[in-house]
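Note on naming: letters A, B, ... go to the chains in the order of the sequence lines (proteins, then strands), and numbering restarts at 1 for each one.
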Amino acid sequence: MSRHVISAVLLWVVLTAVGEATVFLDWFPTVGSHEAEDFDEIFLILVAMGTPVFAFVIAVIAYAVLNFRSKGPEETGATFLGVGTGPRVWVGITSALALLVMIYPGMTGLAALSKERTGNGWGEYDAELVVHATGYQWFWQFEYPESGVKVQGAGNELVLPVDTVIRFDVDAADVIHSFWIPAFRLKIDALPGRTTFMTVKPTELGSYNEDAAYRIQCAELCGLDHSGMLFPVKVVSQDEFKEWVNSQTAAAKGQ
Amino acid sequence: MLRLNSVFGGLGLGLMGFYLGMAVAALLRWAFGYPEVWERDLNVSVGYCFGLIGWLMGVGMWGRWGREWFGLKTYPSPTKGWARYFTFNTDHKVIGIQYGVTFLIVFLLAGSLAMLIRAELAVNELQFFSKAQYNSLMSMHGILMVAVAVASVIGALGNYVVPLMIGAEDMAFPRLNALTFWLVPPTAVMLLATPFVGGLETGWTAYPPLSVVTQTGQTFFNLAIITFGLTSILGALNFIVTIIYMRAPGLTWGRLPVFVWAMFVTSWLALLYTQGFAVALLMVTLDRVGGMSFFDAANGGDPLLYQHVFWFYSHPAVYIMVIPGFGIALEVIAHFSRKPFYAYRYAVGAFMGILGLSGIVWAHHMFTSGMPNYLHGPFLMMTEAISIPTGLIFLCALGTIWMGRLWLTTPMLFAIAVIFNFACGGVTGIFLADVPTDIHLHDTYFVVAHFHYTIVGGEIFGLFAGLYYWFPKMTGRMYNERLAKLHFWWMFIGFNITFFVMHWPGIQGMNRRIADYPEAYQPVNLAVSLSAFLLGASFLVFFYNMINSWIRGPIAEANPWHARTLEWQTSSPPPLENFSSPPRVTGNPYDYGLPKPPHATFPQVAPAPAGGGGGGGGGGG
């Protein structure tokens with residue numbers, strides 16, 4: 001028996017080592033915000049800690065199938081029943097894993113995201129810039145309340161300043177939509193009748209023209225043109241953003 | 001009086017009831033002075049209620065059951081020949097096969113829809129379907145497969161095998177059992193009719209307000225699902241009573257085969273939670289046809305209310321799907337490892353733990369829904385805690401195969417694949433249960449890959465393990481082992497490539513339920529589509545093998561697997577009353593290689609003491 005245990009443990013170690021190498025893969029879309037860095041980190045922690053668990057199951061199955069096979073029903077195997085310490089140790093280990101590998105990273109990450117205990121949204125409520133986003137079947141409408149600038153329609157893009165704490169106040173006019181920017185790794189549903197929010201801090205310049213991750217994508221099935229309900233995002237420098245706001249307000253006055 | 005005893009009678013009375021109901025609704029609207037007597041959703045809903053009763057009465061519920069209420073003699077049901085499968089038959093073996101064939105056809109249909117979905121998604125932009133058609137396809141694939149997942153193992157294998165495994169002659173309520181099956185065809189008809197009344201565009205989840213404002217197809221969907229919920233609830237009640245009261249003498253709880261335990265726990269889940277789905281859709285229907293405003297924010301309703309009620313059922317539902325899969329996997333692994341079941345009591349404890357926890361984790365489907373932030377933490381922790389009972393399933397499976405003498409027949413291969421696939425589905429579940437990672441991954445293809453790994457990998461592989469395992473018992477013939485192994489490897493490889501790769505576009509930012517996607521996700525989608533076609537083709541081997549073997553396969557022995565459990569101690573297929581003399585259970589079902597008495601003996605002089613099972617929880621594995 002001990003020979004089998006040692007061989008299976010070796011197989012487990014090898015499989016785990018192979019699996020752990022995947023943390024060096026390029027898993028993610030562009031990192032566009034501070035929140036995206038957190039997501040990527042927690043994701044990789046879970047990959048790193050989940051791999052040995054997955055590898056354990058694979059190793060035992062693979063070893064057993066290769067070594068304990070028989071051609072028919074005549075032979076019988078070992079007769080241990082699994083009572084006593086074996087299962088108890090297993091329960092202890094899996095409980096510890098649930099606590100340390102799953103709950104701990106989740107709760108610490110959640111603490112960073114859910115700053116407003118009674119609110120319904122991600123991050124701090126206080127922000128340097130507020131953007132109001134409203135979902136319609138099947139388009140988005142944006143308003144910057146401080147400057148009164150409105151953005152909507154084909155050919156436009158949602159312009160955001162880099163290194164600025166931006167809060168999106170999100171709601172919907174008709175059915176449920178979801179406000180998601182893959183480059184920022186955050187989404188929050190847009191509901192009729194209540195306002196949700198998410199606060200992000202973009203850290204990199206980027207635009208949808210070069211990178212599909214810079215888009216607002218409706219991520220809650222909202223009817224016929226759900227798949228087409230996306231809107232380009234462009235993150236620009238703070239100076240460029242000021243210029244853009246000025247040009248928009250000037251254009252609005254000129255009309 | 002006409003003899004209304006088959007599907008023809010059901011169709012006749014059902015259609016008459018349908019038109020009568022629509023006319024009654026129109027008449028009432030006219031009588032109360034509405035300007036329009038025809039309001040499609042309302043009239044159809046009333047028509048459906050009348051039609052459903054007409055269908056049930058016509059198909060045999062009147063002749064076999066209803067006449068008794070009025071002191072009339074009931075008609076007998078045919079006990080031989082293919083015609084019995086088209087009547088209101090109370091034999092659990094007939095009902096099991098009715099369920100099995102029906103849901104394999106639905107599975108084939110819904111799988112074909114998946115092929116169409118992958119054809120559309122292989123290349124970006126629209127090629128074959130309009131966006132409306134795509135949404136309908138996707139919704140139909142979803143709800144039909146959910147129906148298959150809920151009812152195939154429970155309805156087909158549970159019905160056929162559970163009474164045999166516990167040494168009973170039939171289920172506790174045979175007529176109720178027949179009723180649960182004959183509620184299925186109206187469900188199927190309503191779902192399949194949706195494309196003619198505007199299609200579905202809300203997926204299987206049917207979130208309002210969209211499901212309130214969308215076309216009439218949604219009303220058909222709602223009525224179908226409420227009916228289907230009734231099937232689940234009545235079936236669950238029947239299983240619970242059967243397993244508690246119909247066990248053979250000596251079959252204590254500690255000697256119960258693990259598949260029966262799985263069915264017992266699953267039935268409790270179905271009985272406790274199914275009404276959540278039915279109630280949620282009833283509220284949507286009332287919003288649509290009754291002018292109520294449960295989910296209309298402008299009139300004091302709340303769209304989030306639906307999601308809570310819906311997921312209150314639909315999370316336990318994934319365990320209604322997967323616990324029977326675990327049950328089959330553990331059952332098959334125990335018999336084909338040729339050694340005693342490892343940690344039997346912990347397997348039962350695992351099912352109980354899942355039963356307890358599954359009702360308090362539902363809001364992990366709603367982490368991005370805009371519900372208040374203080375709900376996230378508790379639901380995160382409860383959800384991750386489910387990994388502890390689920391881990392015990394792995395303990396039992398791995399402990400049982402370790403140092404066994406594995407007889408790698410097709411059922412055994414599928415059973416081991418359940419454990420393999422579910423390990424992958426379980427690990428990816430961690431990412432979705434942890435809020436910080438779920439915020440990005442929610443509603444992406446990562447989720448699609450994850451739940452296909454758990455439900456297809458965990459349950460449908462289990463279904464195939466069970467179908468191959470009990471095929472000789474159910475049909476009396478043996479399937480072709482070489483074709484079956486070909487099917488296994490083909491399906492296993494196709495499945496794992498398709499859904500393992502599918503995680504990738506999700507992480508990269510491709511959301512689900514979309515007819516079209518940005519060009520950046522093109523190459524990986526082509527790869528997924530090609531391997532999905534590979535996976536789809538594997539089922540042709542399965543269907544060919546099943547049909548061919550059922551017609552001209554070699555005659556099967558009573559116990560081709562040399563298994564100890566009761567269903568193998570009678571002929572294949574079993575006689576009408578299941579056992580020629582009543583069994584008496586004398587030992588544990590999994591004591592391979594131990595000098596222990598057999599699981600059951602058949603005393604020729606039947607003493608038949610009163611009552612079901614023996615005493616309390618003695619025994620153990």
Side-chain angles (χ1 to χ4, degrees), chain A residues 27-29 39 42-43 46 50 53-54 57 60-61 64-65 68-70 72-73 75-79 81-82 87 90 94-95 98 102-103 105-107 109-110 113-114 116-120 175-176 182 185-189 191-193 196 212-213 217 219-227, chain B residues 131-132 201 203 207 209-210 297 303 337-340 342-343 346 368-370 372-374 376 380-381 384-385 387-388 391 394-395 398-399 401-408 416 420 423 427 430-431 434-437 439-440 443 507-509 511 513-516 518 520 562 592-594 621:
Chain A
W27 289 85
F28 307 109
F39 168 88
I42 296 176
F43 189 98
L46 293 181
V53 179
F54 186 47
V57 177
V60 176
I61 290 178
V65 166
F68 302 138
R69 54 205 303 171
S70 122
E75 296 176 60
T76 52
T79 53
L81 292 171
W90 177 277
T94 52
S95 304
M102 305 173 193
I103 294 177
M107 290 303 279
L110 181 63
L113 275 164
S114 164
E116 310 289 338
R117 276 293 149 88
T118 54
N120 30 20
V175 303
I176 299 176
R185 314 280 194 277
L186 284 182
K187 70 165 70 76
I188 190 80
D189 281 9
L191 296 160
T196 55
Q217 173 75 56
E220 185 61 68
L221 184 58
C222 61
L224 182 67
D225 198 20
H226 169 57
S227 56
Chain B
K131 285 183 169 173
E201 60 174 0
Y207 279 10
L210 181 62
S337 294
R338 314 306 298 175
K339 79 188 255 292
Y342 185 83
Y346 285 81
T368 66
S369 71
N373 285 347
Y374 51 78
H376 294 135
L380 183 159
M381 289 195 282
E384 300 291 24
S387 67
I388 300 165
F394 286 92
L395 170 76
L398 299 180
I401 60 174
W402 188 253
M403 304 293 289
R405 302 297 298 157
L406 311 188
W407 184 19
L408 295 174
I416 294 174
F420 177 93
V427 168
I430 300 170
F431 296 84
D434 271 354
V435 182
T437 37
I439 299 173
H440 177 59
D443 256 322
I507 301 168
Q508 291 294 314
N511 53 319
R513 295 171 155 173
I514 47 172
D516 187 20
H562 300 261
Y592 294 101
L594 287 173

If you take all heavy atoms of Phe431(B) and Leu46(A), which pair is closest and at what distance? CE2-CB, 3.5 Å

Measure the spacing between CG of Leu210(B) and CD1 of Ile176(A) and express it to the nearest 0.5 Å. 9.0 Å

CG-OG1 distance between Leu110(A) and Thr437(B), expressed to the nearest 0.5 angstrom: 10.5 Å

Choice from Ile439(B), Ile514(B), Asp434(B), Leu408(B) maximising heavy atom contacts with chain A below 4.5 Å: Ile439(B)

Could you report the tightest heavy-atom contact between Glu384(B) and Ile103(A), atom names first, then the distance? CB-CG1, 3.5 Å

Between Glu201(B) (side chain only) and Leu224(A) (backbone N and O only), is there a donor and an acceptor less than 3.5 Å apart? yes

Option in Leu380(B), Leu395(B), Leu594(B), Ile401(B) with maximal non-hydrogen atom pairs under 4.5 Å from chain A: Leu395(B)

Locate the shortest heavy-atom distance separating Ala78(A) from Pro340(B); write the atom from each residue and the value. O-CD, 3.5 Å

Which heavy-atom pair separates Phe43(A) from Ile507(B) by the least distance, and what is that distance? CZ-CD1, 3.6 Å

In terms of the angle between their ring planes, are Phe420(B) and Phe54(A) parallel, tilted or perpendicular, with boundaries placed at 30° and 60°? tilted

Spacing of CG belonging to Asp443(B) relative to CG belonging to Leu221(A), to within rounding of 0.5 Å: 8.5 Å

Between Asp189(A) and Gly370(B), is there a donor-acceptor pair closer than 3.5 Å when you use the side chain of the first and the backbone of the second? no

Residues passing the ring-ring contact (aromatic ring centres under 6.0 Å, His included) test with His226(A), sequence neighbours excluded, are none

Please confirm whether the backbone N or O of Trp27(A) pairs with a side-chain atom of Gln508(B), one donor and one acceptor, at under 3.5 Å? yes

Top contributor to chain B interface from Ala212(A), Ala219(A), Gly193(A) [non-hydrogen pairs under 4.5 Å]: Ala219(A)

When only pairs under 4.5 Å are counted, which of Arg405(B), Arg513(B), His376(B) shares the most heavy-atom pairs with chain A? Arg405(B)

Just give me the residue among Ala213(A), Gly50(A), Ala64(A) that pairs up with chain B most often, heavy atom to heavy atom, under 4.5 Å. Ala64(A)

Under 3.5 Å, is there a donor-acceptor pair between the side chain of Lys339(B) and the main chain of Thr79(A)? no

Where on Glu75(A) is there a heavy atom nearer than 4.5 Å to chain B: the side chain, the backbone, both, or neither? both

Take Trp402(B) and Val60(A) through the test side chain to side chain contact (heavy atoms under 4.5 Å, CB included) and record every step on the way to the result. CA-CA 8 Å; Trp402(B) 188 253; Val60(A) 176; 4.1 Å; yes

State whether the side chain of Arg117(A) and the backbone N or O of Tyr374(B) hold a donor-acceptor pair below 3.5 Å, judged by distance alone. no

Heavy-atom distances under 4.5 Å only: say whether Leu113(A) touches chain B with side chain, backbone, both or neither. side chain

Just give me the residue among Ile61(A), Ile42(A), Ile188(A) that pairs up with chain B most often, heavy atom to heavy atom, under 4.5 Å. Ile61(A)

Most heavy-atom pairs under 4.5 Å with chain B, out of Lys187(A), Arg69(A), Met107(A), Glu220(A), belong to Lys187(A)

Looking only at Val53(A), Val65(A), Thr196(A), the option with the highest number of non-hydrogen pairs under 4.5 Å against chain B is Val65(A)

Go through the steps for Ser70(A) and Arg338(B) under the test side chain to side chain contact (heavy atoms under 4.5 Å, CB included), then give the verdict. CA-CA 10 Å; Ser70(A) 122; Arg338(B) 314 306 298 175; 5.6 Å; no

Atom group of Ala520(B) that falls short of 4.5 Å from chain A, counting heavy atoms: side chain

Once rounded to the nearest 0.5 Å, what's the spacing between atom OG of Ser369(B) and atom CG of Leu191(A)? 7.0 Å

In terms of heavy-atom pairs under 4.5 Å, which option from Pro209(B), Pro303(B), Ala297(B) contacts chain A the most? Pro209(B)

His562(B) portion near chain A, given a 4.5 angstrom heavy-atom threshold: side chain

Search all heavy atoms of Tyr342(B) against all heavy atoms of Pro87(A) and return the closest pair with its distance. OH-CD, 4.0 Å

Looking at Ala132(B), Gly399(B), Gly509(B), Ser387(B), which makes the most heavy-atom pairs under 4.5 Å with chain A? Gly509(B)

Between Pro182(A) and His440(B) the two heavy atoms that sit nearest each other are O-CE1, 3.7 Å

Region of Tyr207(B) that comes under 4.5 Å of a non-hydrogen atom in chain A: side chain

Relative to chain B, which of Gly223(A), Cys222(A), Gly109(A), Pro105(A) shows the most heavy atom pairs under 4.5 Å? Gly223(A)

Can you find a pair of side-chain heavy atoms, one from Thr94(A) and one from Phe394(B), that are under 4.5 Å apart? no

